[in-house]
*Asks:* 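The structure's right below; bear with me while I get my questions together.
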2 protein chains.
Amino acid sequence: MSAPPANEASPAVRSPVPPEYRGHLGFLVAKARQLLSEQMDARLSASGYSVRHFAVLGGLGRQSGLRQTDLCDTLGIDRTTIMKLVDDLERGGLLQRNRHPDDRRAYVLELTDAGQAAHARMLVPILAEEEQFLAPLSPGERALLQEMLLRLVERALDRKQTNSQST
Amino acid sequence: MSAPPANEASPAVRSPVPPEYRGHLGFLVAKARQLLSEQMDARLSASGYSVRHFAVLGGLGRQSGLRQTDLCDTLGIDRTTIMKLVDDLERGGLLQRNRHPDDRRAYVLELTDAGQAAHARMLVPILAEEEQFLAPLSPGERALLQEMLLRLVERALDRKQTNSQST
DNA sequence: ACTTATAATCAGCTAAACTGATTAATAACT
DNA sequence: AGTTATTAATCAGTTTAGCTGATTATAAGT
């Protein structure tokens, strides 16, 4: 660990986030995501899958009937990348590609029993990391943070949608 | 000279946030970052630079004296990628690589006048996007969100640091 | 029927992260 | 001192993810 060069005054108290970035929402959000997914990936490494795989499983968790393109939209991952993720999961026996009854171009992705079990198993380290990450916040703050993020994301998605409609 | 990826060809993004993901912090943070940086890149596209370039300029804004490795640490970008970003900015005349007085292996990155001007110019669309993104929140909520994110990020960085010390 | 659009796939390209090696300078050790 | 180990920046090579364009089969619109 190298000590910061010139303007070092206090003993060991270095603030990890330099003042230039503290006020920048883009930096804070990007850094939060980076740290969170990095830690989640580390915790999932034993499973052989990544957070992205987990996200795909999670999307299929409740109701099946999803196509690959649905996942592209909600996860914001490219179609070709989704293909590879689904390939991985299918190869591992965690999901199946079944033909869509009403549209035979598309697949209906469905979790296998092994897939449901794997998802449940992966949920444990994921929630543990969430818990640790959110530790600095009170329960009320956590709820508020989540609600605010949801509000921001939904609003931004709305805006994007209406923008692309005018094109 | 990597122009920001514009992602204009995305057809209807109709679904808001499906219920499976609404409770997942990882999803919300990842989505927020994705939307925000995507929009910022779009707004910066005219400048020929990306948010990453902007972030480098921003890190050098106040006090110079930064080495390339310092930027790697704070931005979480790989050394070789930082090199290319600095190459771009140097080629554009926005910063200079000067030899570090006390350590002649390292460079001291310093903004040129053109670099300062470019940074100020880029700040306008960046702040405009921040403003639009945060529109759904009240001023009080914005301040709280930012403070909470900072708290989370600093705590996560602390944890990462102490973990790597035990190695 | 004819045209257009769409779901999944494939092949090729670019950007970014990562690895390992190199060079020069510095730090650490004995 | 002299030897070794680290480190900053670079370069070269590999891998992964995103993007583009094309293909095939199906669907929808006129």
Side-chain angles (χ1 to χ4, degrees), chain A residues 1-5 30 33-34 37-38 41-42 45 48-53 55-56 65-91 95-110 164 167, chain B residues 1-14 30 33-35 37-38 41-42 45 48-53 55-56 65-91 95-109 167:
Chain A
M1 297 259 99
S2 58
R33 190 221 58 122
Q34 188 179 59
S37 65
E38 177 184 300
D41 268 329
S45 63
Y49 295 101
S50 69
V51 266
R52 302 169 78 99
H53 293 106
V56 170
L66 284 186
R67 308 151 179 240
Q68 294 182 185
T69 45
D70 296 331
L71 289 173
C72 294
D73 293 342
T74 60
L75 296 180
I77 301 177
D78 188 70
R79 18 175 195 137
T80 61
T81 307
I82 287 282
M83 261 191 45
K84 290 168 196 159
L85 293 173
V86 171
D87 280 349
D88 293 342
L89 295 168
E90 190 183 38
R91 204 177 310 117
L95 61 76
Q96 286 183 333
R97 282 175 163 110
N98 299 320
R99 279 293 168 191
H100 194 293
D102 301 331
D103 183 348
R104 295 199 327 215
R105 291 168 302 182
Y107 290 128
V108 176
L109 302 177
E110 279 169 303
S164 64
T167 309
Chain B
M1 191 60 86
S2 55
N7 189 11
E8 59 206 311
S10 56
V13 182
R14 54 246 138 122
R33 191 220 57 123
Q34 188 180 57
L35 289 163
S37 65
E38 177 185 300
D41 268 329
S45 64
Y49 295 101
S50 68
V51 266
R52 303 169 78 100
H53 293 105
V56 170
L66 284 187
R67 307 152 180 239
Q68 293 182 186
T69 45
D70 296 330
L71 289 174
C72 294
D73 293 343
T74 60
L75 296 181
I77 301 177
D78 187 71
R79 11 170 202 140
T80 61
T81 307
I82 286 282
M83 259 190 45
K84 288 168 198 159
L85 292 174
V86 172
D87 280 349
D88 292 341
L89 294 168
E90 191 183 37
R91 203 177 312 119
L95 61 75
Q96 285 183 333
R97 281 173 162 111
N98 299 320
R99 278 294 168 191
H100 194 292
D102 301 330
D103 184 348
R104 295 196 328 211
R105 292 168 302 182
Y107 290 129
V108 176
L109 301 179
T167 310

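Each chain gets a letter, A, B and so on, in the order its sequence line appears, and its residues count up from 1.
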*Asks:* Do the side-chain N or O atoms of B:R97 get closer than 4.0 angstrom to the phosphate oxygens (OP1, OP2) of D:dT10?
*Replies:*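 Yes, within the criterion.
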*Asks:* Output the rounded distance in Å from CZ (B:R79) to P (D:dT10).
*Replies:*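 The answer, rounded to whole Å, is 12 Å.
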*Asks:* Taking only N and O in the side chain of B:T69, is any of them less than 4.0 Å away from OP1 or OP2 of D:dA9?
*Replies:*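 For B:T69, the contact criterion (side-chain N or O under 4.0 Å from OP1 or OP2 of D:dA9) is met.
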*Asks:* Between the side chains of A:R97 and A:D87, is the shortest nitrogen-to-carboxylate-oxygen separation below 4.0 Å, so that they form an ion pair?
*Replies:*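 Salt bridge present between A:D87 and A:R97.
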*Asks:* Indicate yes or no for a side-chain donor-acceptor contact from A:D41 to the backbone of A:V51 under 3.5 Å, with no hydrogens or angles considered.
*Replies:*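 Checking the backbone N and O of A:V51 against the side chain of A:D41, a donor-acceptor pair under 3.5 Å is found.
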*Asks:* Output the rounded distance in Å from CD1 (A:I82) to P (D:dT16).
*Replies:*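 Spelled out: CD1 on A:I82 to P on D:dT16 is 17 Å.
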*Asks:* Using a heavy-atom cut-off of 4.0 Å across all strands, would you classify A:D102 as base, sugar-phosphate, or nothing?
*Replies:*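 If one applies the 4.0 Å heavy-atom cut-off, A:D102 turns out to touch the sugar-phosphate alone, with no base involved.
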*Asks:* To the nearest Å, give me how far apart CG (B:D78) and P (D:dT15) are.
*Replies:*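 After rounding, the reported distance stands at 16 Å.
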*Asks:* Would you kindly give the CG-to-C1' distance between B:D73 and D:dA8, to the nearest whole Å?
*Replies:*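 The answer, rounded to whole Å, is 12 Å.
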*Asks:* Of A:L85 and A:D103, whose closest DNA chain D nucleotide lies nearer the 5' terminus?
*Replies:*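 Going by which nucleotide is closer to the 5' end, it is A:L85.
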*Asks:* Nearest whole angstrom, please: distance from the P of D:dG18 to the CD of B:E38.
*Replies:*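 Distance check: B:E38 CD to D:dG18 P gives 12 Å.
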*Asks:* For D:dG18 and A:T81 - does any side-chain N or O of the residue sit under 4.0 Å from the phosphate oxygens OP1/OP2?
*Replies:*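 Checking A:T81 against D:dG18: at least one side-chain N or O falls below 4.0 Å of OP1 or OP2.
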*Asks:* B:R52 side chain N/O closer than 4.0 Å to the phosphate oxygens (OP1, OP2) of C:dA17?
*Replies:*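 Yes, B:R52 has a side-chain N/O under 4.0 Å of OP1/OP2 on C:dA17.
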*Asks:* If I take atom CZ in residue A:R99 and atom C1' in nucleotide D:dT26, what distance separates them, rounded to the nearest angstrom?
*Replies:*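 It works out to 9 Å between those atoms.
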*Asks:* Looking only at the side chain of B:Q68 (C-beta and beyond, no hydrogens), which of the listed nucleotides C:dA8, D:dG18, D:dA9 gets closest?
*Replies:*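 Of all the options, the side chain of B:Q68 is nearest to D:dA9.
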*Asks:* Specify the residue among A:R105 and B:M83 whose closest nucleotide of DNA chain D lies further upstream toward the 5′ end.
*Replies:*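 Whichever sits nearer the 5' end wins; that is B:M83.
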*Asks:* Rounded to the nearest angstrom, tell me the gap between atom NE2 in A:H100 and atom P in D:dA28.
*Replies:*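 Distance, rounded to whole Å: 11 Å.
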*Asks:* Please report the C-alpha distance between A:R33 and B:Q34 in whole Å, then the side-chain angles of each, then the deciding distance to 0.1 Å, and finally whether the side-chain hydrogen bond (donor to acceptor under 3.5 Å, both in side chains) criterion is met.
*Replies:* CA-CA 10 Å; A:R33 190 221 58 122; B:Q34 188 180 57; over 6 Å; no
*Asks:* Mind running side chain to side chain contact (heavy atoms under 4.5 Å, CB included) on A:L109 and A:L71 for me, showing each step along the way?
*Replies:* CA-CA 10 Å; A:L109 302 177; A:L71 289 173; 3.7 Å; yes
*Asks:* Is the phosphate of D:dT26 approached by A:R104 (side-chain N or O, under 4.0 Å from OP1 or OP2)?
*Replies:*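 Affirmative; the distance criterion is met.
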*Asks:* Look at the side-chain N and O atoms of A:T80 and state whether any lies under 4.0 Å from the OP1 or OP2 oxygen of D:dG18.
*Replies:*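 Negative; the distance criterion is not met.
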*Asks:* Using atom NZ of B:K84 as one end and atom P of C:dA16 as the other, report the distance to the nearest whole Å.
*Replies:*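 That distance rounds to 8 Å.
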*Asks:* Should the pair B:R67-B:D103 be classified as a salt bridge under the 4.0 Å nitrogen-to-oxygen rule?
*Replies:*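 Counted as a salt bridge, because a side-chain N and a carboxylate O are separated by less than 4.0 Å.
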